[in-house]
Undergrad: 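Structure provided below as structure tokens; questions to follow.
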Amino acid sequence: MKYDFTAIEKKWQDRWEEVKPYAAETGSEKPKFYGLIEFPYPSAAGLHVGHPRPFTAMDIVARKKRMEGFNVLFPIGFDAFGLPTENFAIKNHIHPAIVTKQNVENFTRQLKMLGYGFDWDRVVDTTDPNYYKWTQWIFLQLFKHGLAYKTTMPVNWCTSCKCVLANEEVVEGVCERCGSEVVRREKSQWMLGITKYAQRLIDDLDGLDFIERVKTQQINWIGRSTGAEVVFKTTAGDNLLIFTTRPDTLFGATYMVLSPEHPYVKRWKDRIENWDAVAAYVDEAAHKSDFERAELNKEKTGVRIEGVRGINPVNGKEIPIFISDYVLVTYGTGAIMAVPAHDDRDWEFARKFGCEIIEVVQGGNIEESAFTLKDDTGIMVNSGFLDGMTVKQAIPAITAWLEEKGIGHEKVNYKLRDWVFSRQRYWGEPIPLVKCEKCGWVALPESELPLLLPQVDSYELTDDGESPLSKMTDWVNTSCPCCGGPAKRETDTMPQWAGSSWYFLRYMDPHNDKELVSKEAEEYWGPVDWYNGGMEHTTLHLLYSRFWHKFLYDIGVVHTKEPYAKRTSHGMILGRNPHFIGYAETEEEKQALLAKYGSQATRPSVKMSKSLGNVVNPDDVVKAYGADTMRLYIMFIGDFEKTATWSDEAVKGSKRFLDRCWNLLELVKEGDAVSAANESAVHKTIKKVTEDVNTLKMNTAIAAMMALVNDFYAKGLSRGDLEQLILLLSPFVPHLAEEMWEQAGFAAKYGKMAMQMPWPKYDEAKTKDAIREMAVQVNGKLRSTVKVPADAPDETVIAAACADEKIKRQMEGMQLVKTIVVKNKLINLILKPAK
RNA sequence: GCCGGUGUGGUGGAAUGGUAGACACCAGGGACUUAAAAUCCCUUGCGGGCAACCGCGUACCGGUUCGAGUCCGGUCACCGGCACCA
């Protein structure tokens, strides 16, 4: 009988739909396991082959956990608000809700097609009012606790999306989504105070089982640095506050720099003698995009402020003040003291503008470059009472001095900035606030949630950069919940990150209309035991959701400080690069490719894209080879954490393996127990697969099962052997496993599906062979192997090694000076020429 | 520039300091077939040799060790993240 994957997969998917073997039970006596994958954005293009990699891996983990007796929650949902859907809707004049519904249906079909064991009764959709009611509810709590506030600030403005972007959404000066130019623009925006949680977001990483690169990336992103805030008096009479991480170099501060946006620039207008030049520079800076401003190789620019000077507090010297765009208004105090001898940027600036450079730390050559080392290699000079100290001694000494004089103190700064939370778009959660002329911003009563998105015919972008909702006057004009007077609704909507910041909580209790999640469900399921997702979400979604969760912890909604106990990450799936020079036959072709595609042509693999024609559609793969082959191949493709390249050829190897498994049904011989011939191989494989699934080394787990099947073909197999193999296969290729389970009569025998059986156990003793092949080295080089009984004493194995013909030849004319025996593995004989 | 990671056959990739290349893909040869596909069997790191075998091999240079792909120091290349953060 042939392996008819299409029929088999249909049969079992229908069965599972009916039996619901993946239903999670809140409050069960069994130990719980909550495995989570990042819910997809339901794009019109459907599932990408990138999706099945993390989905299949976590599905395997979840299925194995069920077999190990856990009560498993493995849910799925859709992160369905967002720009692509809205843009598609505008272009095709279809309401985004309809587009979303279609896309969700298509995704659901594809996910079911791949046989994932999701609990389909717990699906969440961020655009469902019953869901976003609680997104709005959380926003209201943030607002009530002062963590949501509106402020005017320079924002990243995408010229194409006509929308404000978070810093995280701007990549290399362009919009992460559409690739258009991003410029700075002053806008009134809702902000979330994530910076108040900066320290906790660093500290609480400590106890978490996150892969190291996720932790370091988050820590770097938050960017904590310790230094001092120091007050500089000015000749204008007011004080300038600066932040520095090098207070030890204070005696070397020979000038100061303000960012062009610093409020003192305007304040000093009447005193500034060269106001025209200053104003021109400020104006120029305002019109530059962030990208232009941050361009690294450009020369430093700036203007010296004439008429106001700063006073260095340590020596009372008057020093010039500049404005320059290399100082950022958004970090520290927007003003710096410049120490050109010990800071690269200040050095470069000082050289160009002829500022004094005073060495205060010995150890470098300040004529050639700034000396920036902060270790003990430098000794303080030209620094009054700090002279002779190391840098490390000088920092606390000067900080204490500043505090004593009341002109400075230790200060911690973070690179992390508050989260720009409003978007001028239609397809997002409405912000549930109204602006009353008398009362200011007022929260809607919770009883009025959800605040529904108004149903409208047109959600086109506005030309003035306001939300499309602002044009819907019926909806906008309302009354104040506080005083009853006239009021207007907030017309901005929330960013896509809102819904995804707490969705894992909703899975625990998805149909609750009284609470976001019940205490009972949250205490039972929380925290998520294992969360797998992409590295691209490390500084965005992952950080945001940790922030929200901490806030919910503070207000008593959840019982753990952290949402996720464990975080792993998968590598991307790339496609073959059709323009790779390695595929060119002749030198001319290579040159042509290089000329046409540049460095792109030097990579064998690239991101899949329609224009390159290398997109792999999961539907096609499943049609041609079946879902089980798809699942198996995407796990076998390579190291889970690394990027991998899809290969149509290699898929066939996975299919071939499943054919070979299937054909074992006709090869199997009698015997309900594991056969003696295969015993150690079976136990070894169980051990390997058990361990490897726990660490997501699916590729080696599969390799072990392939080796076992090869053994079965070589030695034959009993029904007992087959039973163990099917159970091991079950999490990986569930349809095939169930069909083989049934065909071989195990379903009838146990009255259960394979997936409902206990996970196979191995006996450590049986994973070991009685006879061992040991390597024999001579002076560290492999020369032969010998077979000896397991755990044989050293004398026995040395004797056996010396008796070996090849070794005898090596030993001629030599004397044995030393032997090293590694039990059951290797013998190393150290020989010297005999005298 | 800073932080993190990676360099192993024609390819994807295996190897708690202990037999490098498991398991696959591709390729070559054979069996079956009128033929092809599928399937099965064999070969397959490089060089030499009829063979037994021998030499060389994990980016490069050096070190530690009886023994290094693995540990240490340095160099180079590539990938990812951050980037004028004072």
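Numbered from 1 within each chain, the chains take letters A, B, ... in sequence-line order.
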Undergrad: Expressed as a whole number of angstroms, how long is the span from D659(A):CG to A37(B):P?
TA: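 Interatomic distance, CG of D659(A) to P of A37(B): 17 Å.
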Undergrad: Between U65(B) and G81(B), how far apart are the P atoms? Round to whole Å, please.
TA: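 Nearest-Å result for G81(B) against U65(B) at atom P: 42 Å.
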Undergrad: When we call it a touch if two heavy atoms are under 4.0 Å apart, what does N710(A) touch: a base, just sugar-phosphate, or nothing?
TA: sugar-phosphate
Undergrad: Considering only atom P, compute the distance from C60(B) to G9(B) and round it to an integer number of Å.
TA: 10 Å
Undergrad: At 4.0 Å (heavy atoms only), tell me whether Q777(A) reaches a base, stays on the sugar-phosphate, or touches nothing.
TA: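 Contact class for Q777(A): base.
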Undergrad: Using whole Å, what does the distance between atom C1' of nucleotide G5(B) and atom CZ of R213(A) come to?
TA: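 Nearest whole value for this atom pair: 8 Å.
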Undergrad: Rounding to the closest angstrom, what is the interatomic distance between A24(B) and U39(B) at atom P?
TA: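 A24(B) and U39(B) have their P atoms separated by 14 Å.
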Undergrad: Side chains of D769(A) and S680(A): donor-acceptor distance under 3.5 Å anywhere?
TA: yes
Undergrad: Between OG of S324(A) and CZ of R304(A), what distance do you get to the nearest 0.5 Å?
TA: 14.5 Å
Undergrad: For the residue pair R224(A) and N413(A), confirm or rule out a side-chain donor-acceptor distance under 3.5 Å.
TA: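 Judged by distance alone, the side chains do not pair up.
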Undergrad: In whole Å, what is the span from the CG atom of D248(A) to the P atom of A86(B)?
TA: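 The answer, rounded to whole Å, is 14 Å.
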Undergrad: For C78(B) and C26(B), measure between their C1' atoms and round to the nearest Å.
TA: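 My reading of the C1' atoms in C78(B) and C26(B) gives 25 Å.
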Undergrad: Honestly, is R603(A) close enough over F580(A), meaning NZ or CZ under 6.0 Å from the six-membered ring centre and within 45° of the axis?
TA: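 No, R603(A) and F580(A) do not form such a contact.
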Undergrad: When you get a sec, tell me which of C26(B), C79(B), A86(B) is the closest nucleotide to the side chain of R656(A)?
TA: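 The closest nucleotide is C26(B).
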Undergrad: OP1 or OP2 of U19(B) less than 4.0 angstrom from a side-chain nitrogen or oxygen of N828(A), does that happen here?
TA: no
Undergrad: Would you kindly give the CG-to-C1' distance between L373(A) and G1(B), to the nearest whole Å?
TA: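 Distance, rounded to whole Å: 14 Å.
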Undergrad: On a whole-Å scale, what distance lies between the C1' atoms belonging to U33(B) and A38(B)?
TA: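 Each nucleotide's C1' atom is 11 Å from the other's.
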Undergrad: Using heavy atoms to find the nearest nucleotide of RNA chain B for A703(A) and T330(A) separately, return the residue whose nucleotide is more 5′.
TA: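 Looking at the nearest nucleotide for each, A703(A) comes out on the 5' side.
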Undergrad: Does C40(B) have OP1 or OP2 sitting under 4.0 Å from an N or O in the side chain of Y713(A)?
TA: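 For Y713(A), the contact criterion (side-chain N or O under 4.0 Å from OP1 or OP2 of C40(B)) is not met.
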Undergrad: Does I820(A) reach a base, just sugar-phosphate, or nothing at all? Heavy atoms under 4.0 Å.
TA: base
Undergrad: Any chance you could encode RNA chain B as dot-bracket? Rule is Watson-Crick or G-U wobble with both distances under 3.5 Å; [ ] for pairs crossing earlier ones, | for another strand.
TA: (((((((..(((.....[....))).(((((.......))))).((((....))))..(((((..]....))))))))))))....
Undergrad: When you get a sec, tell me which of A86(B), A24(B), A22(B) is the closest nucleotide to the side chain of T244(A)?
TA: A86(B)
Undergrad: In chain order, what residues pass the ring-ring contact (aromatic ring centres under 6.0 Å, His included) check against Y597(A), with sequence neighbours excluded?
TA: H579(A)
Undergrad: As a test of reading the structure: which of A15(B), A86(B), G67(B) is closest to the side chain of K697(A), going by heavy atoms?
TA: A15(B)
Undergrad: Nearest of C66(B), A14(B), G18(B) to any side-chain atom of T700(A)?
TA: A14(B)
Undergrad: Regarding T645(A), tell me which of base, sugar-phosphate or nothing describes its non-hydrogen contacts under 4.0 Å with the strands shown.
TA: nothing
Undergrad: With P as the reference atom in both, quote the distance from G49(B) to G30(B) in angstrom, rounded to an integer.
TA: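 Here G49(B) and G30(B) have their P atoms 24 Å from each other.
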Undergrad: Would you tell me if any nitrogen or oxygen in the side chain of R660(A) comes within less than 4.0 Å of OP1 or OP2 on C40(B)?
TA: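 Looking at the OP1 and OP2 atoms of C40(B), one of them is under 4.0 Å from a side-chain N or O of R660(A).
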Undergrad: Where the side chain of T216(A) is defined as all heavy atoms beyond and including C-beta, which of G4(B), G55(B), C66(B) is the nearest nucleotide?
TA: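 Nucleotide nearest to T216(A)'s side chain: G4(B).
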Undergrad: Just to be sure I understand the rule, does G223(A) reach a base, reach only the sugar-phosphate, or reach nothing, if contact means heavy atoms closer than 4.0 Å?
TA: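 Nothing: the residue G223(A), judged by heavy atoms under 4.0 Å, touches no strand.
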Undergrad: Quick one: which of G18(B), C66(B), C54(B) gets closest to the side chain of I830(A)?
TA: C66(B)
Undergrad: Using the six-membered ring wherever Trp is involved, compare the ring planes of H537(A) and H541(A) and label them parallel, tilted or perpendicular (cut-offs 30° and 60°).
TA: perpendicular
Undergrad: Could you work out which one of C66(B), A86(B), C54(B) sits closest to the side chain of S225(A)?
TA: A86(B)
Undergrad: C54(B), OP1 or OP2 - any side-chain N/O from R783(A) closer than 4.0 Å?
TA: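 Yes, R783(A) has a side-chain N/O under 4.0 Å of OP1/OP2 on C54(B).
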Undergrad: Which is true for V339(A) with a 4.0 Å heavy-atom rule: it touches a base, it touches only sugar-phosphate, or it touches nothing?
TA: nothing
Undergrad: Check every strand shown and say whether N663(A) touches a base, only sugar-phosphate, or nothing at a heavy-atom separation below 4.0 Å.
TA: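 The residue N663(A) makes no contact with any strand.
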Undergrad: Taking N and O atoms by type only, does the side chain of K415(A) place a donor or acceptor under 3.5 Å from a partner on the base of C82(B)?
TA: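 Donor-acceptor pair under 3.5 Å: no.
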Undergrad: Return the orientation label for the Y544(A) and W419(A) ring planes: parallel under 30°, perpendicular over 60°, tilted otherwise.
TA: parallel
Undergrad: Can you tell me how far P of U16(B) sits from NZ of K687(A), to the nearest Å?
TA: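 Whole-Å distance recorded here is 13 Å.
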Undergrad: Hey, is K806(A) close enough to D804(A) for a salt bridge, meaning N to O under 4.0 Å?
TA: no
Undergrad: State whether N699(A) places a side-chain N or O below 4.0 Å from either non-bridging phosphate oxygen (OP1 or OP2) of A14(B).
TA: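 Looking at the OP1 and OP2 atoms of A14(B), one of them is under 4.0 Å from a side-chain N or O of N699(A).
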Undergrad: Ring centres under 6.0 Å, that's the criterion: do F349(A) and Y255(A) meet it?
TA: yes
Undergrad: With the side chain of F636(A) defined as its heavy atoms from C-beta on, choose the nearest nucleotide among C25(B), A14(B), G12(B).
TA: G12(B)
Undergrad: Taking the ring of Y625(A) and the ring of F5(A), is the distance between their centroids below 6.0 Å?
TA: no
Undergrad: Taking CH2 from W221(A) and C1' from G4(B), how many angstroms apart are they, rounded to a whole number?
TA: 16 Å
Undergrad: Measure from the side chain of R603(A), starting at C-beta and using heavy atoms only, and say which of G13(B), C79(B), A24(B) lies closest.
TA: C79(B)
Undergrad: Say we look at C25(B) and G17(B): how far apart would their C1' atoms be, to the nearest angstrom?
TA: 31 Å
Undergrad: Can you check the K655(A) NZ to A37(B) P distance for me, whole Å?
TA: 17 Å
Undergrad: Give a yes or no on whether a salt bridge exists between D659(A) and K655(A), defined as a side-chain N under 4.0 angstrom from a carboxylate O.
TA: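 Yes, this pair counts.
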Undergrad: Taking for each residue the nucleotide of RNA chain B with the nearest heavy atom, is it E212(A) or M535(A) whose nucleotide lies nearer the 5' end?
TA: E212(A)
Undergrad: At less than 4.0 Å, is any side-chain N or O atom of K652(A) found next to OP1 or OP2 of C25(B)? Yes or no.
TA: no
Undergrad: Give one of base, sugar-phosphate or nothing for K781(A), where a contact means two heavy atoms less than 4.0 Å apart.
TA: sugar-phosphate
Undergrad: Nearest to the side chain of K825(A), heavy atoms from C-beta on, is which of G81(B), C54(B), U16(B)?
TA: U16(B)
Undergrad: Using the C1' atom on both, measure G18(B) against G69(B) and round to a whole Å.
TA: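 Straight-line distance between the two C1' atoms is 13 Å.
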